[in-house]
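Residue numbers start at 1 and run along the sequence shown. What you see is a predicted model; the values in this text were computed from it and never measured. Ligands are counted one by one from 1 in listed order, and the atoms in each one are counted from 1 as well.
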Amino acid sequence: MGLLKVILCDIIEAQVVNVGVIGCGHWGPNHIRIFSTLADSRVTWATDLSSERLEFIKTTYPQLSVSADYKDVLKDSRVHAIVIATSAATHYEIVKDCLESEKDVLCEKPLTCRVEESEELVDLAERKKKILMVGHTFLFNTGIQKLKDYVRDGTLGKVYYVYSRRVNLGPIRNDVNVIWDLASHDISIFHYLFGTLPIEVSAKGESFLQDGLEDVAFISLTYPDSVLANAHVSWLDPRKVREITIVGDKKMVIWDDLNPEDTIRLYERGVAQEPYYKDFGEFQLIPKEGDVTIPKLLLSEPLRNQDKHFIECVKRRVRPLSDGVFGSQVVQVLEAAQKSLRNNGEMVKIK
Ligand SMILES: NC(=O)c1ccc[n+]([C@@H]2O[C@H](COP(=O)([O-])OP(=O)(O)OC[C@H]3O[C@@H](n4cnc5c(N)ncnc54)[C@H](O)[C@@H]3O)[C@@H](O)[C@H]2O)c1
């Protein structure tokens with residue numbers, strides 16, 4: 001029995017996972033590049049509605065089969081896993097078709113644009129015993145993993161608040177607004193850091209460039225233990241910023257994704273009560289200066305880490321870090337933020 005188990009493990013280890021990629025626009029080719037170079041995966045199919053995109057893929061990867069109809073890939077029993085990098089509104093139908101065709105799925109974020117749809121996909125994956133992972137890339141970013149360590153191991157102390165800024169001039173999408181496009185990253189990061197849904201969300205935003213599609217939004221969230229969070233996302237900003245600041249009662253930290261030299265800066269700064277005072281008139285809160293630590297981070301491409309994790313989950317049949325449930329909960333928060341946005345920032349409770 002033991003020997004059989006060892007042999008089975010060796011077979012799993014040796015197996016190469018055949019991957020089909022649906023959607024070869026801006027982002028899909030990154031998946032093709034990575035899955036083509038990982039040791040235990042190979043890309044066999046690429047599909048896109050656009051013949052231009054397929055021509056581009058065929059020029060770079062002549063060995064791939066290509067089609068404008070993704071259902072051609074689903075008919076190929078040699079394909080084990082599908083990566084979906086199409087626009088968000090198409091995810092639900094495509095993921096459903098893939099799972100029903102007995103394929104494991106890595107779907108780009110956001111999983112869907114409605115929480116009922118996401119939950120249905122989670123149930124379907126469960127019933128079919130298929131892997132459903134959502135491409136929340138920042139969970140595989142070593143800087144964000146360091147923030148998670150600091151929150152989890154108490155380095156920061158009690159977290160008071162967190163805020164993120166994810167702004168740039170473009171790229172401007174015309175399928176979803178900035179909340180579904182950019183804030184899906186920040187909401188996934190907050191979800192990863194705190195391991196829980198927020199209690200309530202409120203969002204304000206404006207459509208300056210395209211009617212009905214907000215290009216800037218400010219989202220405020222309250223997490224359990226009175227942790228405040230805010231995400232500022234925009235396609236209409238003079239400078240590219242990818243930053244998160246977390247303030248705790250022991251330490252504070254800034255993550256700056258665009259600063260490879262010191263992506264993380266941990267500040268031993270805080271505010272202390274003056275220990276000796278005679279009466280209330282003398283009571284003081286003293287800002288305390290301290291060291292700034294810049295931890296060494298392993299340089300690695302987050303998308304490669306994510307795709308590698310997907311292949312490991314496919315081979316070992318284990319639940320991904322950003323599984324369907326995680327992706328569905330992110331959609332739940334995005335949907336609440338969207339509702340608040342449409343109602344001029346009203347507070348929306350998360351169930
Ligand atoms: N994780 C990240 O950091 C990250 C970064 C960029 C984009 N994304 C996500 O990737 C997805 C795609 O984004 P993009 O920027 O590449 O968009 P895009 O518009 O550039 O590309 C989407 C492609 O999908 C194709 N497509 C649409 N419907 C299809 C169908 N039914 N069958 C086959 N092809 C179809 C389109 O023709 C297009 O070429 C989105 O969900 C986006 O949120 C994630």
Heteroatom distance test (Lys109, ligand 1): nitrogen or oxygen, under 3.5 angstrom: yes
For atom 40 (C) of ligand 1, the option (of Asp181, Thr86, Leu54) bearing the nearest heavy atom: Thr86
Which segment of Asp175 sits under 4.0 Å of ligand 1 when only heavy atoms are counted: neither
Gly143 versus Asn141, closest heavy-atom pair with distance: N-OD1, 2.8 Å
Atom 28 (N) of ligand 1 [closest protein heavy-atom partner, distance rounded to 0.1 Å]: Leu49 CD1, 3.5 Å
Nearest neighbour in protein (non-hydrogen) for atom 16 (O) of ligand 1: Trp27 N, 2.8 Å
Closest non-hydrogen atom pair, Arg33 against Glu301: NH2-OE2, 2.8 Å
Geometric class of the Trp27/His31 ring pair [parallel <30°, tilted 30-60°, perpendicular >60°]: perpendicular
Flag for Asp69-Ser67: side-chain donor and acceptor within less than 3.5 Å: no
Close approach, Gln306 and ligand 1, non-hydrogen under 4.0 angstrom: no
Top protein contact for atom 12 (C) of ligand 1, by heavy-atom distance: Ala85 O, 3.3 Å
Shortest protein contact, atom 1 (N) of ligand 1 (heavy atom only): Thr137 OG1, 2.6 Å
Rounded distance (nearest 0.5 Å) linking atom CZ of Arg152 with atom NZ of Lys148: 5.5 Å
Closest non-hydrogen atom pair, Val17 against His80: CA-ND1, 3.5 Å
Aromatic ring pairing Phe310/Phe35, orientation class (parallel under 30°, perpendicular over 60°, tilted between): perpendicular
Top protein contact for atom 10 (O) of ligand 1, by heavy-atom distance: Glu108 CG, 3.3 Å
Taking atom 37 (O) of ligand 1 as the reference point, the nearest protein heavy atom with its distance: Asp48 OD1, 2.6 Å
From Arg173, His91, His136 - option closest to atom 17 (O) of ligand 1 by heavy atom: Arg173
Side chain Gln332, main chain Lys351, donor-acceptor under 3.5 Å: yes
Identity and distance of the protein heavy atom lying nearest atom 21 (O) of ligand 1: Gly25 CA, 3.3 Å
Ser118 and Thr112: side chain donor to acceptor below 3.5 Å: yes
Contact atoms of ligand 1, heavy-atom distance to Gly135 under 4.0 Å: 1 (N)
N or O pair under 3.5 Å between His26 and ligand 1: yes
Distance filter under 4.0 Å to Ile22 heavy atoms, resulting ligand 1 atoms: 32 (N), 33 (C)
Any side-chain donor near an acceptor of the partner, Gln338 and Asn177, under 3.5 Å: yes
